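Any value given below was found using the heavy atoms of this structure, including those in side chains, with hydrogens, waters and symmetry copies removed. What you are looking at is a predicted structure, and each value in this text was computed from that prediction instead of being measured. FYI, the numbering just counts along the sequence from 1.
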Amino acid sequence: MSEPVDVPPFVRVEELDGLPGRVVLADMRWYLDGRSGRAAYEGGHLPGAVFVDLDHWLTGPATLEGGRNPLPASEVFAEGMRALGINDDDIVVAYDDQGGVIAARLVWMLRTTGRRAAILDGGLNAYLNAHPDSLSAEEPALADGTFSVRPWPTEVLAEADEVVGPDARGRQV
């Protein structure tokens, strides 16, 4: 199983400065309707935040068996995190503008592989409520991170046929 994670799953805006260690803000805006999350990021994001491309780094190829957004290979995930300057010991705080539903994917992937990660409670709107007019268009300069490849732990994964039908009762996903 993965290592214990010493960061709560949700972090409030006022708690960001008190987190122990290096914090990376991850903009996870992505839209099912085809709008560009990258364009939203470029239009203004939290100061210092990196844009995490869900389709490129957090999703494998769509298949009938795996669905629209299956997990990527663990090597692809690690490559993406390194490209964003994320290190194994960083704390990643992810946010979106959809109630955290998109940010939760990155946080789950990080926590499942033993990394410290949390969702910014209230997302982009909570940050703007606390810091009006604070959005930035400046992208941080990124140096490759030291994010190691860790396989997806099989004990937390399930196939579709394991969670549907009469034999699925009691199965936690």
- Query: So, Y31 versus D97: side-chain donor-acceptor pair below 3.5 Å or not?
  - Reply: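 The criterion, which ignores hydrogens and geometry beyond distance, is satisfied for D97 and Y31.
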- Pair D96, W30: side-chain N/O donor-acceptor within cut-off below 3.5 Å: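 Short answer, no.
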Which side-chain N or O atoms in residues 137-146 pair as donor and acceptor under 3.5 Å with protein atoms at least two apart or in another chain?
unit_1 : atom_1 : unit_2 : atom_2 : d
E139   : OE1    : R38    : NH2    : 2.9
E139   : OE2    : R38    : NH2    : 2.6
T146   : OG1    : N87    : OD1    : 3.0

- Task: Could you please spell out the steps behind the side chain to side chain contact (heavy atoms under 4.5 Å, CB included) verdict for W108 and L71?
- Result: CA-CA 11 Å; W108 179 85; L71 287 174; 3.9 Å; yes
Taking the side chain as every heavy atom from C-beta outward, state whether [X] and [Y] have any atom pair closer than 4.5 Å.
X    : Y    : result
R29  : L124 : yes
H131 : P47  : no
P20  : R116 : yes
D88  : S148 : yes
I119 : P9   : no
S74  : R150 : no
Y127 : S134 : yes
L128 : L135 : yes

- In this structure, are over 12 heavy atoms from other groups packed under 6.0 Å from D17 atom CG?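 No, not enclosed.
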- Message: Are there over 12 heavy-atom neighbours, none belonging to D33, within less than 6.0 Å of that residue's CG?
- Response: yes
Say you draw a straight line from [atom1] of [X] to [atom2] of [Y]; how long is it, rounded to the nearest 0.5 Å?
X    : Y   : atom1 : atom2 : answer
M109 : L58 : CE    : CG    : 4.5 Å
L25  : L46 : CG    : CG    : 5.5 Å
D121 : F10 : CG    : CZ    : 6.5 Å

- Query: L106 and F77: side chain to side chain contact (heavy atoms under 4.5 Å, CB included), yes or no, with the steps?
  - Reply: CA-CA 10 Å; L106 175 61; F77 178 56; 4.0 Å; yes
Decide whether [X] and [Y] are clustered together by the hydrophobic rule: side chain heavy atoms of Ile, Leu, Val, Met, Phe, Trp, Tyr closer than 4.5 Å, transitively.
X    : Y    : result
W152 : V92  : yes
V76  : F51  : no
I102 : M81  : yes
Y41  : L84  : no
V24  : L110 : yes

- Ion pair check, R12 and E15, cut-off under 4.0 Å: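 Looking at E15 together with R12, the answer is yes, because their closest N to O distance falls below 4.0 Å.
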- Query: Can R22 and D90 be counted as an ion pair, charged N to O under 4.0 angstrom?
  - Reply: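 Salt bridge between R22 and D90, a charged N being under 4.0 Å from a carboxylate O: yes.
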- Message: Just to verify, what does L19 make a side chain to side chain contact (heavy atoms under 4.5 Å, CB included) with, not counting sequence neighbours?
- Response: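 If we apply the side chain to side chain contact (heavy atoms under 4.5 Å, CB included) test to L19, skipping adjacent residues, the hits are V11, L16, V23, I91, V93.
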- Any cation-pi pair here, R115 with F147, using under 6.0 Å and within 45°?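 That pair qualifies as a cation-pi contact.
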- Task: Just do the side chain to side chain contact (heavy atoms under 4.5 Å, CB included) check on Q98 and M28 with the steps written out, would you?
- Result: CA-CA 10 Å; Q98 304 290 309; M28 282 298 307; over 6 Å; no
- Over all atoms of both residues, closest heavy-atom pair of A62 and P70: CA-CD, 4.2 Å
